[in-house]
Amino acid sequence: MILVTGGAGFIGGNFVLDWLVQQDEPVITLDKLTYAGNRDTLKSLDGDARHLFVQGDIGDRDLVGQLLATHQPRAVINFAAESHVDRSIHGPGDFIQTNVVGTFNLLESVRAYWVALPAEQKTAFRFLHVSTDEVYGTLEADDPPFTETNTYEPNSPYSASKAASDHLVRAWHHTYGLPVLTTNCSNNYGPYHFPEKLIPLVILNALAGKPLPVYGDGQQVRDWLYVTDHCSAIRRVLEAGTPGETYNVGGWNEKPNLDVVHTICTLLDELQPRSDGNAYSAQITFVQDRPGHDRRYAIDARKLERELGWKPAETFESGIRKTVAWYLANQDWVSNITSGAYRSWVDKQYGAGQ
Ligand code: NAD
Ligand code: DAU
């Protein structure tokens with residue numbers, strides 16, 4: 001079996017659901033259920049003998065040690081993190097605690113388990129750390145996309161904390177021989193995405209008749225990957241990646257933010273037109289820019305394609321259509337998370353009443 005941390009979040013949740021569609025190997029999900037973790041995402045697995053959900057912190061060495069000793073996983077896949085850049089600007093402490101200290105504690109729990117495994121299981125074991133392209137910093141318009149050899153130049157508290165965790169993972173391989181794999185992926189989108197992030201926020205605000213907040217001039221570029229393509233890349237790296245190596249994951253889909261927002265508006269105009277006949281794009285509102293906002297990210301995913309034969313299945317056009325349709329069809333999932341703490345965040349970030 002495998003142990004997945006952060007499996008009640010956006011990407012981890014999609015990964016667990018997709019894993020159990022692809023195969024029957026059991027999964028333990030360990031998740032702290034912060035504001036970003038949602039048990040509903042895994043509701044379809046209730047009663048499924050292949051899945052065990054455990055609420056807990058990756059930094060809790062007793063709990064993690066006990067889970068490892070009891071279930072003897074062949075791999076740990078670490079998605080658990082604080083993941084939102086804007087929240088890291090308001091309050092970096094949680095990011096240091098989970099992404100840096102939590103990853104350190106998790107590595108130590110895993111190392112203690114791994115070192116005592118019988119030789120064959122020890123060789124086969126993998127610790128896969130899920131990271132981000134933001135660790136490489138920002139690109140100018142005509143720079144080539146990030147490769148695995150780019151220097152780390154993180155600019156936000158979030159990306160600095162992820163960079164620190166990547167360095168710890170690397171060091172645990174070089175110093176202790178722990179068989180680690182690291183993936184650095186570009187921006188994901190798709191089902192179960194928490195609506196503090198651009199794409200789900202815009203879909204939900206549009207439907208609610210609220211402003212669609214575009215930071216600065218809206219010309220910042222992100223490289224979008226449909227979430228199940230990220231999941232298939234992680235499965236492939238887990239299966240065939242070389243311990244100690246890092247793999248960039250991306251979909252060759254660079255888009256300025258404003259174009260992404262217009263695309264969503266056009267899809268909503270088609271799928272659920274406004275009752276007043278106006279276009280959703282009328283709701284676009286330019287707001288104050290994010291401090292230290294990285295201008296452009298772009299991933300060169302050729303190593304993963306060349307060495308492991310991975311390619312994304314979705315284009316941006318197919319993926320964004322599926323995503324908008326998913327949010328229209330899953331209003332229950334949305335309404336369960338857009339109360340309480342979510343409202344306080346929206347008030348803090350965009351001003352009361354938004
Ligand atoms: P998310 O915020 O949606 O989910 C994070 C999950 O981790 C939540 O379920 C949360 O409850 C859990 N968690 C947080 N702290 C924990 C702790 N201390 N112990 C156990 N669980 C904890 O994040 P996401 O967007 O799904 O991202 C998952 C991973 O992928 C992160 O490591 C992130 O840095 C990385 N990543 C994200 C993207 C993206 O576009 N979203 C792209 C590349 C890499
Ligand atoms: O690149 C990978 C990263 O992508 C992941 O490591 C992060 O966990 C993930 O959150 C994401 O980070 P971004 O900051 O790129 O994603 P976000 O959805 O917050 O913002 C996308 C772009 O849209 C960014 O340029 C900021 C802008 N934006 C965002 C919000 C929330 C807006 O213009 N308005 C908004 O209201």
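Read the numbers this way: they start at 1 and go in the same order the structure lists the ligands and their atoms. Small disclaimer: the values here were computed from a predicted structure and weren't measured. For the numbers below, each heavy atom of this structure counts, side chains included, while hydrogens, waters and symmetry mates do not. We number each residue from 1, following the sequence as shown.
- Taking a 6.0 Å sphere around CZ of Arg302, one finds it holds 12 or fewer heavy atoms contributed by other residues, nucleotides or ligands.
- For atom 20 (O) of ligand 2, the closest non-hydrogen atom on the protein side is Arg290 NH2, 3.8 Å.
- In summary, of the residues considered (Tyr136, Tyr247, Tyr152), a ring-ring contact (aromatic ring centres under 6.0 Å, His included) with Phe146 occurs for Tyr136 alone.
- Under a 4.0 Å heavy-atom criterion, Gly59 is not in contact with ligand 1.
- Note: the hydrophobic cluster containing Leu139 does not contain Tyr215 (ILVMFWY, side chain heavy atoms under 4.5 Å, direct or indirect links).
- With distances taken over non-hydrogen atoms, the option nearest atom 22 (C) of ligand 2 out of Thr285, Asn257, Asp86 is Asn257.
- In this structure, Thr285 contributes its side chain and Gln283 its backbone to a donor-acceptor pair below 3.5 Å.
- Using 4.0 Å as the threshold, Lys162 has no heavy atom nearer than that to any atom of ligand 2.
- Using a 4.0 Å cut-off between a side-chain N of Lys or Arg and a carboxylate O of Asp or Glu, Asp347 and Arg343 qualify as a salt bridge.
- Residue contacts with ligand 2, taken as heavy atom pairs separated by less than 4.0 Å, do not involve Gln349 at all.
- Of the possible polar contacts, none joining the Asn188 side chain to the Tyr226 backbone as a donor-acceptor pair under 3.5 Å is found.
- Using a 4.0 Å heavy-atom cutoff, Asp31 is listed among the residues neighbouring ligand 1.
- Ranking protein heavy atoms by distance to atom 3 (C) of ligand 2, first place goes to Glu134 OE2, 2.9 Å.
- Among Lys197, Arg295, Arg87, the residue whose heavy atom sits closest to atom 10 (O) of ligand 2 is Lys197.
- Evaluated by nearest non-hydrogen atom to atom 30 (C) of ligand 2, the leading choice among Tyr158, Tyr136, Tyr215, Phe286 is Tyr215.
- Taking a 4.0 Å cut-off on heavy atoms, Gly7 fails to register as neighbouring ligand 1.
- For atom 16 (O) of ligand 2, the choice among Asn187, Val130, Thr132, Val260 with the nearest heavy atom turns out to be Asn187.
- Residue-level proximity to ligand 1 for Tyr158 is carried by the side chain, the only part with a heavy atom below 4.0 angstrom.
- Note on ligand 2: His293 sits in its first shell, one or more heavy atoms being nearer than 4.0 Å.
- For the pair Arg321 and Glu270, the salt-bridge criterion is met [side-chain N within less than 4.0 Å of a carboxylate O].
- By the 6.0 Å and 45° rule, Arg61 stacks over the aromatic ring of Phe104.
- By heavy-atom distance, the residue among Asn184, Asp133, Thr98, Asn38 lying nearest atom 15 (N) of ligand 1 is Thr98.
- At a 4.0 Å heavy-atom cut-off, ligand 1 touches Lys162 through the side chain alone.
- When non-hydrogen atoms are compared, ligand 1 lies under 4.0 Å from the backbone of Asn188 as well as from its side chain.
- If you look at Thr5 next to ligand 1, there are no close heavy atoms at all, none under 4.0 Å.
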